[in-house]
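Keep in mind that this is a model prediction, so the values were computed, not measured. First the proteins, then the strands, lettered A, B, ... as listed; each starts at 1.
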There are 2 protein chains.
Amino acid sequence: MTTVGRMAGVSQVTVSRALSDPSKVSPETLARIHEAIRATGYVPNALAGALASRRSNLIAALVPSFTNIVYSSLLHGFSEIMRENGYQIMLSETGHDPEREQALVEALLSRRPDGVLLTGVHHAPGTRRMLIGSGIPVVEIWDISETPIDCCVGFSHAATGQAAAEFAVKAGYRRAATVTAGDARAIRRRDSFVQSFQRMTGAEVPAVDFQPGTATLAQGRAALVELLDRQGFIGGVVFCSSDQFAHGLLTEAAARGLRVPDQIAVIGFGDQDFAAHTHPALTTIRVDRAVLGEAAAGALLSRFGEGVPGPSVVDVGFQLIQRGSA
Amino acid sequence: MTTVGRMAGVSQVTVSRALSDPSKVSPETLARIHEAIRATGYVPNALAGALASRRSNLIAALVPSFTNIVYSSLLHGFSEIMRENGYQIMLSETGHDPEREQALVEALLSRRPDGVLLTGVHHAPGTRRMLIGSGIPVVEIWDISETPIDCCVGFSHAATGQAAAEFAVKAGYRRAATVTAGDARAIRRRDSFVQSFQRMTGAEVPAVDFQPGTATLAQGRAALVELLDRQGFIGGVVFCSSDQFAHGLLTEAAARGLRVPDQIAVIGFGDQDFAAHTHPALTTIRVDRAVLGEAAAGALLSRFGEGVPGPSVVDVGFQLIQRGSA
DNA sequence: CTGAAAGCGCTAACAG
DNA sequence: CTGTTAGCGCTTTCAG
């Protein structure tokens, strides 16, 4: 910067101003500075800038997994808005592990992010403490809580399970089963579904459970095998914690020549891009992930400004979409 | 750090050493320092550290899209290794746009990453110039080139197309079609397939093409409709640029009651987790993405050490996996 | 509109 | 093993 300044016949500070607030520099000076920048191939050092200004323009984002489309599509919307506003994202995977999340938060805080995005509203106690202590704006997504660390934007997982149960009963189903990945939010959806369904029908609800991690079509197929061959479940609806599972059930049903939804009905979760195009099309629960990601970005941005921060709990809701599978 | 030092009865430098290289500090001093850190809730400032040491421990990674499983699974392997070695990833999406990639590279270089990961080997001229000028280690992935910016780890897309064509001919197919997303690498696979297939059979190869972007099952269904109803294509093999497309073809075939592979045979690309479990299972081309991501991380790490950097072009190869669909 | 001075919080020498 | 002295390359504040 000093070199650039010398070339342009101004001081180093003027170069700094030309870059951060051009309106404070006369047009001619500005032109000479830009010319000098071009000539020298000067690349600003944002590290030094961040140290001096105490603003890193960096956001730390933590999601359970990159490969799960649910989270990656959220990030897509989130990072787009953040990038447009000059922020870069430092992204890490927690693998659904609170301790790992805490270790990452600790490491990331040392880089002085201007904001933090966390997935879910339940964290290790230390995570919460560090984050509150840091005073950095935090947005928790994909769930809601009465007591967020700072703010959260998501929806009620319990409400989705209940909505699915009410839909199933209204559609005439008197038998139900569940297929669930082991993460906390999926379990909450399932528990709520089972409780509502039982309250309304009194029926037992068999369950197939998997470990946390990305749900696969193969697991969905295996789940239907389990339900059909070992639990004797047929002629009812299966509430899945993921469209991936649901797709697997449809695939296994097709392979066996079962009629969907007569012999096996399926409800997914996520409304992934394939859901409307499976055969038959998948009845599922839709959450607008792009909007959610963008809302999360908006929540952080509003906290960066000095103005009144937006509401601290945003419920983006969900929608049960009836198609052919249930 | 000064405060911590005062509390522990040592100077600020000693605290710095205790954190960066504990072996240089006596055990008792170390204990007092850690006690002081706990008491004060001190969080190191990696920004200042990076400025002083000229090592940011930050990696800039650019992929076309977060939501495409191909790239996100690569990143999973890559970021895991990087994280274990103390690096954080700044991640951005280029959306298959070279100009956007260049703008991102420019912005990211100002944060002084210790390494850069780029997807593909073709970039805007300015991108290449900036990167070479910066002297920062760069790894290009998911393709190979004789003339990488620094080093690359990937495979030959042309070779995959040729392998698919040879497989198809050997399996007895005399008619073929292609379904392709518009990105450069998918087009290279397709062109190579068509050229090889035509050379061996002399047959025309009808094509359905889509815009670049994430391939969907719905597009795959639409492609088969197009092939069947408008191009009168049947009784041949369809080479798809993505398993997603292939899955769509299988779905549409099932919906129409077509026999696979007799009436329509399908070859996918990617060997995604569902490929072995579709009905029938998908014949596809497998690239070990986790290994590729890890190799990319290894290539960067070897460049950070002073030792001999590994080879600058790594071909991880691919595998054609025959299942039921072709 | 421009410049001089101070300092962000750390690491890199060099001494002892 | 520990301390002293200089910066890293910017932004901030205060003058002019």
Side-chain angles (χ1 to χ4, degrees), chain A residues 1-34 36-37 40-58 86 88 107-114 134-136 304 306, chain B residues 1-34 36-37 40-58 86 88 107-114 134-136 304 306:
Chain A
M1 218 173 222
T2 313
T3 313
V4 170
R6 196 154 33 214
M7 263 188 96
V10 294
S11 74
Q12 169 268 335
V13 225
T14 306
V15 179
S16 170
R17 274 195 279 257
L19 260 27
S20 56
D21 187 356
S23 72
K24 288 186 166 174
V25 175
S26 80
E28 308 90 70
T29 312
L30 205 54
R32 288 207 314 281
I33 289 176
H34 279 130
I37 288 177
T40 53
Y42 165 76
V43 178
N45 185 326
L47 253 26
L51 182 62
S53 67
R54 297 151 169 292
R55 291 185 49 255
S56 64
N57 282 40
L58 238 32
Q88 283 291 338
L108 286 164
L109 283 182
S110 75
R111 302 202 182 258
R112 297 293 187 271
D114 290 341
S134 74
I136 296 172
F304 297 157
E306 287 308 305
Chain B
M1 218 174 222
T2 313
T3 312
V4 170
R6 195 154 34 214
M7 263 188 96
V10 294
S11 77
Q12 170 267 336
V13 225
T14 306
V15 179
S16 170
R17 274 196 279 258
L19 259 29
S20 56
D21 188 356
S23 73
K24 288 185 166 174
V25 175
S26 80
E28 307 90 70
T29 312
L30 205 56
R32 287 207 313 281
I33 289 175
H34 279 129
I37 287 176
T40 53
Y42 165 77
V43 178
N45 184 328
L47 251 27
L51 182 62
S53 68
R54 298 151 168 292
R55 291 185 48 256
S56 64
N57 283 40
L58 237 34
Q88 282 292 335
L108 286 164
L109 282 182
S110 76
R111 302 201 182 259
R112 298 291 187 273
D114 290 341
S134 74
I136 296 173
F304 297 158
E306 286 309 304

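- B/I136 places none of its side-chain heavy atoms less than 4.5 Å from the side chain of B/R112.
- For the atom pair A/R111 CZ and B/L58 CG, the distance stands at 5.0 Å (nearest 0.5 Å).
- To the nearest angstrom, P of C/dC10 lies 17 Å from CG of B/D21.
- Side-chain contact check for A/L19 versus A/I37: some heavy-atom pair is nearer than 4.5 Å.
- B/N45 places its CG atom 6 Å from the C1' atom of C/dG9, with the value rounded to the nearest Å.
- With rounding to whole Å, B/I33 atom CD1 is found 9 Å from D/dG3 atom P.
- Using a 4.5 Å cut-off on side-chain heavy atoms (C-beta onward), A/T3 and A/Q12 make no contact.
- With a 4.5 Å cut-off on side-chain heavy atoms, A/M7 and A/V4 do not count as touching.
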Base-contact (B) and sugar-phosphate-only (S) positions in nucleotides 11-16 of chain C, heavy-atom cut-off under 4.0 Å, - elsewhere
BBB---

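- A/L51 has its side chain within reach of B/N45: a pair of non-hydrogen atoms, C-beta onward, lies under 4.5 Å apart.
- If you measure from atom CZ of A/R111 to atom P of C/dC8, you get 22 Å, rounded to the nearest angstrom.
- OP1 or OP2 of C/dC1 has not a single side-chain nitrogen or oxygen of A/S26 nearer than 4.0 Å.
- Across every non-hydrogen atom of B/P22 and B/L30, the tightest pair is CB-CD2, 4.0 Å.
- In this structure, B/S23 reaches the sugar-phosphate backbone alone: every heavy-atom distance under 4.0 Å involves primed, P, OP1 or OP2 atoms, never a base.
- Contact between the side-chain N/O atoms of B/R54 and the OP1/OP2 oxygens of D/dG9 is found at a separation under 4.0 Å.
- Among the protein residues, B/T29 comes within range of the sugar-phosphate backbone only, with heavy atoms under 4.0 Å from sugar or phosphate atoms but none that close to a base.
- A/Y42 is not listed as a side-chain neighbour of A/I33, based on a closest heavy-atom distance of 4.5 Å or more.
- When rounded to the nearest whole Å, the span between CZ of B/R55 and P of C/dC10 equals 16 Å.
- B/T14 has no side-chain polar atom (N or O) that falls below the 4.0 Å cut-off from OP1 or OP2 of D/dC1.
- Residues A/D114 and A/N57 are in side-chain contact: their nearest non-hydrogen atoms beyond the backbone lie under 4.5 Å apart.
- End-to-end axis angle for the helix from C/dC1-D/dG16 to C/dG16-D/dC1, using five pairs per end and rounding to 10°, comes out at 20°.
- The separation between A/L47 atom CG and D/dC10 atom C1' is 10 Å, rounded to whole Å.
- Atom CG of A/L51 and atom P of C/dG7 are 14 Å apart (whole Å).
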